There are 2 protein chains.
Amino acid sequence: MSTQKIPQATAKRLPIYYRYLKILNDAGKERVSSTELSDAVKVDSATIRRDFSYFGALGKRGYGYDVENLMKFFSKTLNQDHLTSVALIGVGNLGHALLNYNFHQNNNTRISAAFDVKEEIVGTIYSGIPVYQMDEMMEQIPLQQIEIAILTVPAQVAQDTVNKLVEAGVKGIMNFTPVRITVPKNVRVQNVDLTNELQTLIYFLDNYAGEEVSEEE
Amino acid sequence: MSTQKIPQATAKRLPIYYRYLKILNDAGKERVSSTELSDAVKVDSATIRRDFSYFGALGKRGYGYDVENLMKFFSKTLNQDHLTSVALIGVGNLGHALLNYNFHQNNNTRISAAFDVKEEIVGTIYSGIPVYQMDEMMEQIPLQQIEIAILTVPAQVAQDTVNKLVEAGVKGIMNFTPVRITVPKNVRVQNVDLTNELQTLIYFLDNYAGEEVSEEE
DNA sequence: TTAATGCTGTGAACATAAGCACAAGATTTG
DNA sequence: CAAATCTTGTGCTTATGTTCACAGCATTAA
């Protein structure tokens, strides 16, 4: 495709860079070096330079990087120049919080439809977002050109729901359930398992006490 | 310490294994092979065997693994035999959802104190958890023997809050803010950046269309 | 204009992780 | 009891990611 062969590890850091560049740009800063960036985003400066280099020579030797240019470049790279619509599946405890969560603020993304089984909320508008019946996914998802779903349903129905989502044409799923779901290989899953994360943190504390700084999602 | 040198990648998978073993055990299953596990947790069977092997020979050739034993072993390894108390810092939109989130269900962990600046909620009980003033961290955290904090405060105050948490003795932070916080090296940070996660997912869809299955937090 | 300085971009070393493939041993079957 | 079958545990290969260290060039200072 367009930009081939960007390592996954690099891709995962792009939003971090982008966010900080926006902050710098808003503050009126014109140039920045990999060392300065490194401090702010906690990524080794060599790693930053290597990451950037996959996209070509974005900086100038002896000078650094032009904040505005770089920011705009990443904006394009991360598709921030067009609004992405996302569906929320399951308006429970966590789902409800995500409806209110301001993805839009620094991310050209909006939850444009929510789906749930609970009759009493179907048909209503939650935080400005309409709640549909589960069965309506098949219709609404293609209609609203949604390719991404945030999954916050109970574990027991996770796989079934995913099957329907895939059938409706969803291409990416942010999976908040603890289930490791099965999808066709053209569908991308990003697991966000909070319980897991917490358990891992506890494990590290107890077993790697005082050893390193740390990382990632 | 106790079990030395478990690779990070392995450590991050332990809760996944543990969760599934509990399910198998509850279902009355007595033995399981790495291939079966592989199907359920979406981790290559060789990787599973390697992961387990760091803890010694847990299985039997020609048989597989004893579900109950293995489950109990991981329970101990993941400290599930004692309750871990956690503090929630920032009872906003997301924080509130996390108070209700059932960490306890399959994870011997409980949010035992919440902290916020909003006068109107300080002193009240939210979902059974008392909300304290921010200043009370210094007192409550050691008192309640809390070592882990979930950080859901606004980005602008993230670093300041972290500094106080560290001073109060916190050793692990689950960071929901987009800020890459600075901590002493004996403190562990687990970043959970939802905006980031979503942006990365979008990036992968647009640039790696139909290429692989996927992964992680 | 020339010298000093700064910072990128990258070859190469190192580190971590994943997975193949199979010997070794246990179990099950006949 | 012997043969057939199964599944672990691991040496080794390959893949992916990180970091060092520096040549090369642009910028800045004199």
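Labels below follow one simple rule: chain letters A, B, ... track the order of the sequence lines, proteins then strands, and each chain is numbered from 1. The structure presented is a predicted model; accordingly, all values stated were derived computationally and were not measured.
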Please tabulate the protein-to-nucleotide N/O contacts below 3.5 Å involving nucleotides 15-17 of chain C, giving atom names and distances.
residue	atom	partner	partner atom	Å
dA17(C)	OP1	A9(B)	N	3.2

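- In the set dT7(D), dT19(D), dC12(D), the nucleotide with an atom closest to the side chain of R50(B) is dC12(D).
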Side-chain donor-acceptor distances from residues 146-160 of chain B under 3.5 Å, at least two apart:
residue	atom	partner	partner atom	Å
T152(B)	OG1	I89(B)	O	3.2
T152(B)	OG1	G90(B)	O	2.6
Q159(B)	OE1	T182(B)	N	2.8
Q159(B)	NE2	N163(B)	OD1	2.8
Q159(B)	NE2	T182(B)	O	3.0

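- When the C1' atom of dG17(D) is taken as reference, atom CG of D44(A) falls 12 Å away, rounded to whole Å.
- Listed by chain and residue number, D51(B) satisfy the salt bridge (charged side-chain N to carboxylate O under 4.0 Å, His left out) test with R13(B) (two or more places apart in sequence, or in another chain).
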List the atom pairs, with distances to 0.1 Å, where a side-chain N or O of residues 96-103 of chain A and a protein N or O form a donor-acceptor pair under 3.5 Å, not counting sequence neighbours.
residue	atom	partner	partner atom	Å
N100(A)	OD1	S127(A)	OG	3.0
N100(A)	ND2	S127(A)	OG	3.4
N102(A)	OD1	H104(A)	N	3.4
N102(A)	OD1	Q105(A)	N	3.1

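- At the phosphate of dT8(D), OP1 or OP2 sits under 4.0 Å from a side-chain N or O atom of S34(B).
- Rounded to whole Å, atom C1' of dT8(C) lies 13 Å from atom CG of L70(A).
- Ring pair F55(A)/F73(A) is perpendicular by interplanar angle, where above 60° counts as perpendicular and below 30° as parallel.
- A search for ring-ring contact (aromatic ring centres under 6.0 Å, His included) contacts involving F176(A) returns nothing, not counting sequence neighbours.
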Letter by letter from the 5' end, nucleotides 21-30 of chain D scores (B base, S sugar-phosphate only, - none; protein heavy atoms under 4.0 Å) B-BBBSSS--
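- Legend: salt bridge (Lys or Arg N to Asp or Glu O under 4.0 Å) pairs involving residues 70-98 of chain B, not counting sequence neighbours, sorted by first then second residue: E68(B)-K72(B).
- In this structure, E30(A) has no salt bridge (charged side-chain N to carboxylate O under 4.0 Å, His left out) partners at least two apart in sequence or on a different chain.
- Distance I48(B) CD1 to dC20(C) P: 13 Å, rounded to the nearest Å.
- Rounded to 10 degrees, the angle separating the terminal helix axes of the helix from dT1(C)-dA30(D) to dG30(C)-dC1(D), each built from five base pairs, is 20°.
- With sequence neighbours excluded, no residue forms a salt bridge (charged side-chain N to carboxylate O under 4.0 Å, His left out) with K22(A).
- Y20(A) meets the ring-ring contact (aromatic ring centres under 6.0 Å, His included) test with no other residue; sequence neighbours excluded.
- Scored by the side chain to side chain contact (heavy atoms under 4.5 Å, CB included) test, T35(A) finds S33(A) as partners (sequence neighbours excluded).
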